[in-house]
Structures are given as C-alpha cells and as structure tokens.
Number of protein chains: 2
Amino acid sequence: MRDVAKFADVSVATVSRVINGKGDVNPETRKRVEQAIEYLHYKPNDVARTLFRGKSKMIALFVPDIMNPFFPELARAVEDVTNKYNYTFILCNTDGDLEKELTYIDTLQQKAVDGFIIVSSTITDEMLKKISVPIIALDRFFHSELASITVDNYQGGREATEYLQSIGCQRIAHLCGPESASNTMERLRGYMDVVRDTDWFLSSYLLSCNYNMEQAKVMTMEMLRNHPEIDGIFAANDVMAIGAMKAAEQLGIRIPEDLAVIGFDGSSVGEATSPTLTTMAQPIYDMGTRAAEMLMEQIQTQVAPKTIETFPVHLLERESTKRKKVAHG
Amino acid sequence: MRDVAKFADVSVATVSRVINGKGDVNPETRKRVEQAIEYLHYKPNDVARTLFRGKSKMIALFVPDIMNPFFPELARAVEDVTNKYNYTFILCNTDGDLEKELTYIDTLQQKAVDGFIIVSSTITDEMLKKISVPIIALDRFFHSELASITVDNYQGGREATEYLQSIGCQRIAHLCGPESASNTMERLRGYMDVVRDTDWFLSSYLLSCNYNMEQAKVMTMEMLRNHPEIDGIFAANDVMAIGAMKAAEQLGIRIPEDLAVIGFDGSSVGEATSPTLTTMAQPIYDMGTRAAEMLMEQIQTQVAPKTIETFPVHLLERESTKRKKVAHG
DNA sequence: AAAATAAATGTAACCCGTTACAGAATATAA
DNA sequence: TTATATTCTGTAACGGGTTACATTTATTTT
C-alpha cells in the first residue's frame with residue numbers, strides 16, 4: 001500500500017479512500033491511484049483490515065459429519081450464499097463431540113469469524129454464551145434464544161405414517177435416531193400420535209438405531225424375523241431406511257409388495273437404491289440457503305431476532321412404496 | 001493483552017514470551033502472567049498474530065462439488081488432518097469453474113491462507129503462478145511442477161476390465177467421464193489397452209457421459225437397446241455405474257446374471273444400491289490424509305518437492321458382479 | 001572484587017490497513 | 001472582498017500482537 005501511495009504520489013490515507021470509495025477524492029488523484037494499483041497489482045491485505053475492523057468476513061458451519069449424505073447439500077447451500085456475499089466459508093465436522101465444538105468455537109472466534117451456523121444436538125447454552133457473534137441453529141433445535149431453521153418434523157412423522165396407512169399398511173414399525181436429537185424425537189412423536197391408539201401397535205415396533213445403516217439393517221432384520229406381520233417401515237432418515245430395505249432383501253421380503261419403506265430427508269442416496277426410496281423430503285438446499293441468508297442479515301444489521309422458521313416437508317413418492325392405494329382406515 | 005500485562009505487572013513483551021514459551025522468563029513471573037491470563041480469560045487475537053507472521057494457520061481445499069459422493073470423504077480426511085495440526089479448514093466448491101477458482105485464490109491469499117489442496121481439471125499454470133504458498137494437486141493431475149496425489153487410474157481401468165473378462169463377460173462397454181479430467185482419461189486408456197485388439201470391440205461400446213447418473217442411465221439404456229450383446233459395463237465412477245444399473249433394471253436385464261457392472265471410486269453410495277456395487281475402490285480417506293499431511297509438511301519446511309504419489313486401487317467385489325468365475329480368455 | 005556471562009525484563013518499531021482530526025486549497029455566499 | 005462552506009489531502013493513532021535491541025539484575029569466572 002505504501003508502494004502504491006509512493007507511486008501515485010499521495011498518502012496512504014488517500015489510497016485507502018480510493019479503495020474503499022469513502023470520503024472525497026479528486027477524480028484525477030483517484031485515477032492516478034487506480035493506475036498505480038493496477039500497475040503494481042496491488043491487493044489489499046485482508047488480515048490487516050480484519051484486525052482493524054474486528055470482522056473477518058468468514059462464517060463457519062458446524063455439522064456432525066459431512067460424510068452423512070444429508071450434509072453435503074446443506075453445506076453446499078451455505079457456501080453458495082456465503083460466496084454471494086463475498087464471505088469465506090469454514091466447514092467444521094464436530095462428530096457431535098462437545099470438546100470439538102468447544103475447540104472450534106475458541107479457534108474461530110480468535111480468528112474473528114463473523115457468525116456461526118450450527119447443526120448440533122449436544123451444544124449447551126453455556127457454550128453458546130461464549131459466542132459473541134450471531135448464531136443460527138439449523139436442522140436441530142437446541143433450546144436457547146436463537147434464531148433457528150428446522151422442518152416440521154412432527155408433521156413429517158405423522159404424514160409418513162399416515163401415508164403408509166393410506167397405501168394399505170396394517171403394521172407399521174419405526175426406526176428412530178438418537179434420543180439426543182430433537183428432530184428424530186419429533187418424528188417419533190408424529191409416528192406415535194398416529195399409531196398409539198391402534199389395536200395393533202406394539203412397543204417392539206419401535207427401534208432406536210442412531211442414524212446408522214448397518215445397525216438399522218441388523219436391527220430391522222431381527223425385528224422382521226420376530227414380527228413377520230410388519231408391512232410398513234418408517235425410518236427417521238434415509239440411511240436407516242436403506243438399511244431396512246437391505247434387511248428385507250436379505251430375508252426375501254419384497255419391497256414394496258410385502259413391505260413398504262419410507263425414509264426421511266430426501267437426500268440423494270434415495271435415488272441410488274433399487275427400488276428407489278420414498279421419503280419425506282426436507283428442502284435441504286433451501287434450508288441451508290435460508291440459514292445463511294439469515295446469518296448474513298444478522299451480521300449486517302447487528303440484530304438477532306429469535307426467529308424460528310419451520311420449513312414444510314413433502315412426500316417424495318418413489319418406488320419403495322409404490323402400491324395401489326387403499327381406502328383409508 | 002495490555003490488561004494481562006497490567007494485571008501481572010509486567011510488559012506486553014513478557015506476556016508474549018509466556019504465551020509463546022520463547023525467551024527466558026522468570027518462573028515466578030511466568031506464574032503471575034499465567035494466573036492473570038487465567039483470571040482474565042484472555043485469548044490471544046489470532047488476527048494480530050496472522051498479520052505479523054504472514055501466516056494464518058488456515059488451508060483451503062478446492063473440490064468441484066461436495067455433493068458428488070466422492071468428495072465428502074476426501075474433505076473429511078483433509079479436515080481431520082487440518083485439525084490435528086491446529087489449522088482451520090476452508091472448503092471451496094469450484095464447479096470446475098475457472099472464474100470461481102480465480103476468485104477463491106485471490107480472496108484466500110488476501111487472508112494469508114497457508115496452503116491449497118486442489119482437485120481440478122481446469123486450473124492453468126498461469127493461475128497456479130499466482131499462488132505463493134504450497135499447493136498439492138489431489139485426485140486429478142494437472143500438468144505443472146506440483147506435488148500430487150492420485151491413484152493409478154490406468155491400472156485401475158485395466159484391472160476393472162480384466163476382472164469383468166475373468167468373470168466371463170464377452171462384450172464389455174465403458175462409460176467414461178469428461179475429457180478434461182486426467183483421471184477418467186487414464187481409466188479409459190486402461191480399458192482400451194485391454195479391449196482394443198479383441199475381435200468384438202466396437203467404438204460404440206464407449207460412452208462419454210460426464211460423471212452424471214441420469215445421463216449415464218439414459219445413454220446406457222440406448223446402448224443396451226442397440227447392443228443387447230453387452231454383458232459387462234465398466235463405468236469410470238460409481239455414480240455412472242449406478243445410472244447404468246438403473247438402465248438395466250428398467251430394461252429388465254438382470255444384474256449380475258445378464259450384465260455385470262463395475263464402478264470406480266469406492267464411494268459409500270455403492271453400498272446403498274441393490275445389488276451392491278462392485279467397484280475399483282480408491283483409498284479416498286487415505287489420499288485426503290496424505291495430501292493434507294504433505295501440505296502441512298511443505299508449509300512447515302518451506303520446501304516444495306515435486307513428489308508424485310500414486311496410490312493403488314483395489315477391487316471391492318460386491319454383488320453387481322457376483323457370478324461364478326470363468327477361466328480367463 | 002572486578003570482569004564476563006547469562007537471565008530477566010522493558011521500550012519501541014513493525015505487520016498493514018483504517019479513520020479521526022487537522023490543515024490547505026478551492027468554491028460559494030454575504 | 002471577506003467570511004463560510006466544501007473539497008481534498010496528509011499526519012498520526014489505532015487494532016493486538018511479536019521481536020530486535022537495550023537495559024537492568026543475577027550468576028559465574030578469574
């Protein structure tokens with residue numbers, strides 16, 4: 001910058017004014033400075049700016065694990081928005097580990113990160129208090145005074161279950177995720193509200209299996225062996241649904257004829273399976289986009305309204321439930 | 001920091017010495033400073049350090065699109081190493097777009113990023129010249145004087161094709177990716193070297209379809225209709241292989257009985273399909289790890305050897321090729 | 001005990017921008 | 001013409017660390 005100033009025969013202050021378009025600068029001087037910048041290929045040092053301003057134009061996204069097929073799309077959405085606003089995007093895999101989250105929070109704040117988008121079921125209010133910049137809770141709602149973006153998990157759970165009924169399923173099991181996650185608990189509640197008072201419901205129709213395909217497969221296999229009457233499975237995410245389909249396949253149970261399977265998420269793996277997976281699709285990309293936009297707004301306005309936005313889910317009907325519909329009840 | 005210095009009744013220089021463990025500090029003074037730090041919950045401002053040192057402890061990974069199932073695992077590996085060294089990880093989706101790559105390069109260098117790991121087929125030497133920090137080329141090799149990590153794509157292409165022959169396939173087609181990518185071209189070369197001189201090979205057994213599932217499906221469908229004699233397909237990545245399987249399914253062609261399919265990558269989607277997908281697996285996580293380790297080393301040592309590491313691929317035999325083996329030839 | 005060496009600490013410049021403030025030059029108003 | 005407002009530009013402090021160098025104090029050596 002000194003070089004540019006010297007070259008254009010002005011002070012650094014003037015160069016700064018030209019770069020930022022702030023303050024009055026004589027058009028001729030401006031031109032001279034711009035030429036100097038051009039000539040010297042000058043690029044301002046963003047670190048110095050950050051130091052002065054206390055803002056880095058960086059935001060971070062916390063996800064449990066990018067290898068879970070739900071998150072790449074989310075991350076992509078966030079990055080796209082981030083880019084649009086000329087911010088830089090930092091991806092953090094937390095594995096749902098408090099220690100890791102804590103380390104990230106410290107490190108990133110020392111780097112003057114301007115905001116966080118957090119997918120977490122473990123994070124505590126105490127930890128959040130350590131964060132002095134805007135935060136958006138995404139996908140999972142952890143109780144606190146935060147803006148958050150989720151889907152209507154309860155409604156999704158209901159609809160998925162009712163949908164299975166509507167295509168004729170008489171005995172519907174549910175594979176649910178870890179208890180710590182608010183989203184899976186809501187889906188479970190939706191399921192329960194539909195099946196609780198039926199004459200067929202058994203608590204052994206309920207399996208808890210951590211969003212993991214292999215585990216879902218093993219547990220489903222056992223359940224199907226003990227309960228061959230089951231003719232519908234609602235899994236709380238797509239990965240578990242795929243596990244369930246594999247279990248059925250291995251047992252020679254046909255999908256969708258003998259057993260209908262519906263997942264949750266609408267992640268793209270559901271298209272890779274045969275039959276393709278029917279699922280309660282979340283508008284993943286839109287949610288990521290909205291979270292990022294909301295964060296940008298909070299960063300810009302310095303205001304942090306406790307907006308809670310709930311996106312609708314929609315039924316993505318594919319092959320794993322393709323039967324002739326039967327009259328309700 | 002001034003506060004800490006005041007509180008401990010020393011100068012900022014001494015505080016800095018304590019923090020960095022450099023220079024001689026009286027044990028008592030050190031203790032006093034440490035207590036002050038503790039008491040005031042002092043955390044050094046990383047931006048100021050970065051400004052002084054010219055190093056940010058951040059590295060960036062360029063990938064075409066994190067939504068492609070090959071990349072999450074790679075990104076995860078890089079992030080894990082990044083973390084281990086207390087660096088911060090920046091993920092950049094380039095869409096193979098030169099403009100985007102260029103923008104990222106500028107922005108990140110202004111932020112004093114310490115190194116790049118780049119997956120790209122488009123990037124030019126001219127662009128690389130703009131980068132003044134270590135770079136590792138990953139997955140795809142773009143000609144330049146760079147350290148790079150790839151797999152033996154040629155060998156993989158050969159082996160995949162020969163494997164199909166070994167299980168009895170008589171007419172083997174190949175779905176290859178975009179011409180711009182060095183890796184897919186090598187796989188093609190491997191395939192060609194096996195089939196070129198056979199008496200059955202036809203140029204129409206070769207399909208070019210951009211790593212895209214839907215396109216692969218459509219093109220395969222057409223090919224299988226025109227060439228029902230095809231009994232083996234080698235796809236240059238898993239996503240296309242899945243497209244091919246779907247095409248077969250839709251045409252009522254059984255896999256693996258009538259048609260064997262092998263993919264390339266060993267990404268986790270291959271486990272979600274039915275039948276599960278046989279594939280030439282790359283050690284994705286290891287490659288990411290190695291690339292990151294190599295980058296860390298170059299950052300630390302300031303030396304940039306033009307190491308070229310080629311990882312082996314290995315056959316991951318799953319169901320899409322499960323037949324009784326037949327004697328070679 | 002004087003001299004030499006080592007340890008402990010502080011002062012101030014530096015990293016590279018931004019901006020408050022002041023001063024000079026020019027334009028407009030009285 | 002003088003007073004006042006405007007435009008333009010520079011000086012210097014600041015953000016929050018690091019470190020070369022100087023200085024003081026303690027320890028060893030002779």
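Just so we're clear, the structure is a prediction, and the values are computed from it rather than from any experiment. Just so it is clear: chains get the letters A, B, ... in the order the sequence lines come, proteins before strands, and each one is counted from 1.
Using the six-membered ring where Trp is involved, A/Y39 and A/F7 have ring planes that are parallel, under 30° apart on the 30 and 60° scheme.
Direction change of the helix axis from one end of the helix from C/dA1-D/dT30 to C/dA30-D/dT1 to the other is 50°, with five pairs defining each end axis (rounded to 10°).
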Would B/V12 and B/R2 satisfy side chain to side chain contact (heavy atoms under 4.5 Å, CB included), going step by step from the backbone distance to the final call? CA-CA 6 Å; B/V12 290; B/R2 320 265 169 206; 4.0 Å; yes
Step by step, would you call A/L61 with A/F89 a side chain to side chain contact (heavy atoms under 4.5 Å, CB included)? CA-CA 8 Å; A/L61 170 68; A/F89 171 69; 3.6 Å; yes
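By the side chain to side chain contact (heavy atoms under 4.5 Å, CB included) test, B/P134 is found to be paired with B/L295, B/Q298, B/I299, residues two or more places apart in sequence or in another chain being considered. When the salt bridge (charged side-chain N to carboxylate O under 4.0 Å, His left out) test is applied to B/E179, no partner is found at least two apart in sequence or on another chain. By the salt bridge (charged side-chain N to carboxylate O under 4.0 Å, His left out) test, B/D65 is found to be paired with A/R76, residues two or more places apart in sequence or in another chain being considered. Every residue meeting the salt bridge (charged side-chain N to carboxylate O under 4.0 Å, His left out) condition with B/E186, not counting sequence neighbours, appears here in chain and number order: B/R189.
Listed by first then second residue, pairs satisfying salt bridge (charged side-chain N to carboxylate O under 4.0 Å, His left out) with a partner in residues 134-153 of chain B number zero, not counting sequence neighbours. Contacts classified as salt bridge (charged side-chain N to carboxylate O under 4.0 Å, His left out) and involving residues 11-27 of chain B (residues at least two apart or in different chains) are not found. Pairs engaging residues 291-302 of chain A under the salt bridge (charged side-chain N to carboxylate O under 4.0 Å, His left out) rule: A/K84-A/E293 [sequence neighbours left out]. Identified under the salt bridge (charged side-chain N to carboxylate O under 4.0 Å, His left out) test for residues 32-43 of chain B, with sequence neighbours left out: A/D106-B/K43.
Salt-bridge check for B/D46 with A/K111: passed, with a basic side-chain N closer than 4.0 Å to an acidic carboxylate O.
The outermost nucleotides of DNA chain D lying under 4.0 Å from heavy atoms of chain A, listed 5' to 3', are D/dT7 to D/dG16.
B/V10 comes within 4.0 angstrom of the backbone, heavy atoms only, and of no base.
Contacts between residues 24-33 of chain A and DNA chain D, defined by a heavy-atom separation below 4.0 Å, involve A/D24, A/V25, A/N26, A/P27, A/T29, listed by number.
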Walk along nucleotides 15-20 of chain C from 5' to 3' and tag each nucleotide B, S or - by protein heavy-atom contact under 4.0 Å, base first, then sugar-phosphate. BBBBBB
